[in-house]
Amino acid sequence: MYPHSPQMALAGLLVAAMAAGCEQDMADQPRYEPLEASDFFANGMASRPLVEGTVARGHLRTDTAFFEGTADGEPVAEFPLSTVAEKLGVEGNESQQLEHVLTRGQQRFDIFCAPCHDRVGSGNGMAVQRGFPAPPSLELTRLREAPVGHFYDVITRGFGRMPSYASQVPPADRWAIVAYVRALQLSQHAAADDLPAEDRDKLPKGDAAP
Amino acid sequence: MPQVFHPSMNTISRVTIFGAVLIVAGLLAVVFTIVRSPYITEVNVVREQPVPFSHQHHVGDVGLDCRYCHTSVEDSSFAGIPPTATCMNCHSQLFADSEMLEPVRESYRTGTPLEWTRVSDVPDFVYFNHSVHVRKGVACVTCHGDVAKMPLMWREHTLFMQWCLDCHWHPEQYVGSPQAVFASGSSGDRQRVAEDLSAVVEVESQTSCYTCHR
């Protein structure tokens with residue numbers, strides 16, 4: 001148990017030192033974690049940017065309608081539902097796809113857009129309440145008449161004081177948000193006659209068009 | 001022949017024998033206490049950061065979702081630390097002249113990233129993956145604590161293997177609704193998955209060594 005000689009004591013110390021060394025190496029192995037600092041690269045970052053002019057395998061963006069929201073330089077008017085559903089991994093028929101895309105869009109809108117646009121799109125989110133210049137309400141006629149590609153373009157490249165959200169929101173999610181923006185616009189301008197009969201009956205009388 | 005030992009040796013030998021046991025036990029207790037003290041575990045110790053970022057303000061007061069900044073938490077092992085550009089989404093306009101935020105603006109101007117000090121880190125031989133925990137209904141607050149009440153960031157739990165196993169042995173006590181993963185509030189407020197886990201979400205106890213080590 002106890003060291004009886006200087007040799008034993010030395011051996012004990014060596015084992016202890018080696019054990020400590022092992023712990024260190026195992027817990028902090030010679031590999032980089034995401035975003036770790038690095039002495040090796042000139043800018044001190046272990047995470048490397050894509051080399052300019054290269055495309056990651058499977059990431060070639062030839063579908064400009066989907067990735068840019070434009071066709072022949074004009075914003076697309078038709079919502080690319082099948083591509084969006086495919087990218088989001090949704091199966092089923094068109095209405096099931098649309099329901100999933102809208103749910104996803106609502107969730108992403110609440111995460112990324114609501115801080116300024118607020119949850120119904122009127123443009124009075126928390127950042128605005130704290131002094132950020134207010135964005136226009138999404139219910140404005142010119143925005144209700146704008147093609148879907150316009151909203152996709154604004155999310156992708158920014159508009160006015162709104163910065164680009166391209167790095168935070170991937171393309172399929174941007175389209176899901178666009179779909180939800182359309183739903184928000186419709187929600188504020190739907191006529192009572194658009195509802196199915198059983199839902200229309202639930203409306204308070206005389207308050208059909210708020 | 002005279003007695004070799006004086007009668008008092010009876011007492012001395014007893015004290016020595018029991019004393020040795022007490023000393024060993026005492027030393028073990030000291031080591032045990034130190035290992036579990038904040039000095040080693042860093043639990044509840046606020047880290048020095050380049051900017052005094054407040055989760056309490058951004059999550060608690062403003063109501064930002066975790067994913068606004070930690071964008072890869074649902075898809076990747078790493079939750080993601082936001083680039084300075086994400087800060088500037090708002091701070092190009094809000095507190096744009098604040099002295100406190102000068103390191104953020106400088107980072108944005110020069111393209112040099114802010115060097116944050118990591119708060120939650122597991123040893124490299126643990127292959128932790130955020131996306132699977134989030135997908136299965138382990139709320140952020142379960143491991144990170146209620147960051148909406150943390151003005152500056154600290155580590156809420158030891159991240160010891162024993163702590164991981166508390167949940168891996170009894171996930172039903174910790175896993176909640178996948179819809180409430182990103183909600184703030186104490187983990188006790190969250191609705192627990194009932195005893196029959198499989199009826200609600202696909203959660204099973206994962207205690208194979210290879211689940212975390214490989």
Side-chain angles (χ1 to χ4, degrees), chain A residues 1-2 22-38 41-47 49 88-89 103-104 106-116 118-119 125-135 155 158 160-170 172-173, chain B residues 20 24 35 57-97 108 110-118 121-130 159 178-179 181-182 213:
Chain A
M1 276 300 276
Y2 296 98
C22 285
E23 201 275 329
Q24 280 298 309
D25 285 341
M26 289 277 285
D28 189 11
Q29 296 164 16
R31 62 172 162 82
Y32 289 124
E33 289 173 43
L35 305 186
E36 196 170 330
S38 163
F41 296 105
N43 66 357
M45 292 188 263
S47 302
L88 290 177
T103 310
R104 175 81 180 176
Q106 176 179 33
Q107 187 196 54
R108 299 291 127 171
F109 184 93
D110 288 350
I111 296 170
F112 295 104
C113 313
C116 285
D118 76 42
R119 293 205 165 193
M126 282 303 269
V128 173
Q129 291 173 34
R130 283 155 190 272
F132 201 97
I155 300 171
R161 285 201 176 83
M162 175 176 158
S164 159
Y165 273 75
S167 74
Q168 282 162 280
V169 188
D173 280 345
Chain B
V24 170
V35 166
H57 170 71
H58 290 87
V59 181
D61 301 345
V62 178
L64 286 178
D65 191 283
C66 310
R67 292 163 287 185
Y68 187 91
C69 302
H70 304 291
T71 49
S72 59
V73 70
E74 292 170 301
D75 311 309
S76 159
S77 62
F78 186 59
I81 297 296
T84 310
T86 302
C87 310
M88 295 303 281
N89 282 355
C90 290
H91 290 296
S92 62
Q93 306 289 328
L94 302 179
F95 301 103
D97 304 321
Y108 190 67
T110 60
T112 313
L114 291 162
E115 289 187 38
W116 301 99
T117 304
R118 200 157 174 177
D121 196 9
V122 288
D124 282 358
F125 47 79
V126 181
Y127 290 78
F128 178 82
N129 189 317
H130 271 97
L159 310 187
Q179 274 76 43
V181 163
F182 297 95
H213 307 292

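In what follows, every chain begins at residue 1, and chains take the letters A, B, ... in the order their sequences are listed.
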Using non-hydrogen atoms and a 4.5 Å limit, figure out which bit of B/D121 sits close to chain A: side chain, backbone, both or neither. side chain

Mutual orientation of the aromatic rings belonging to A/Y32 and A/F41 [parallel < 30°, tilted 30-60°, perpendicular > 60°]: tilted

Non-hydrogen atoms of B/H130 and B/A79 that approach each other most closely: ND1-N, 3.6 Å

Among B/P83, B/S92, B/C90, which residue forms the greatest number of heavy-atom pairs with chain A at distances under 4.5 Å? B/C90

Tell me the closest heavy-atom pair linking A/V128 and A/C116, and the distance in Å. CG2-O, 3.5 Å

Heavy-atom closest pair (B/F78 atom, B/S72 atom, distance to 0.1 Å) is O-OG, 2.7 Å

Given a strict heavy-atom distance threshold of 4.5 Å, which part of A/Q129 is in contact with chain B: side chain, backbone, both, or neither? neither

B/D124 to A/E33 - nearest heavy-atom pair and separation: OD1-OE2, 2.8 Å

For chain B, which of A/A37, A/P133, A/S167 has the most heavy-atom pairs under 4.5 Å? A/P133

Residue B/I81 versus chain A: region with a heavy atom under 4.5 Å: both

Region of A/M162 that comes under 4.5 Å of a non-hydrogen atom in chain B: neither

Relative to chain A, which segment of B/P82 carries a heavy atom at a distance below 4.5 Å: side chain, backbone, both, or neither? neither

Distance-minimising heavy-atom pair for A/Q168 and B/Y68: NE2-O, 2.9 Å

When heavy-atom pairs shorter than 4.5 Å are enumerated against chain B, which of A/P170, A/S164, A/P163 gives the highest number? A/P163

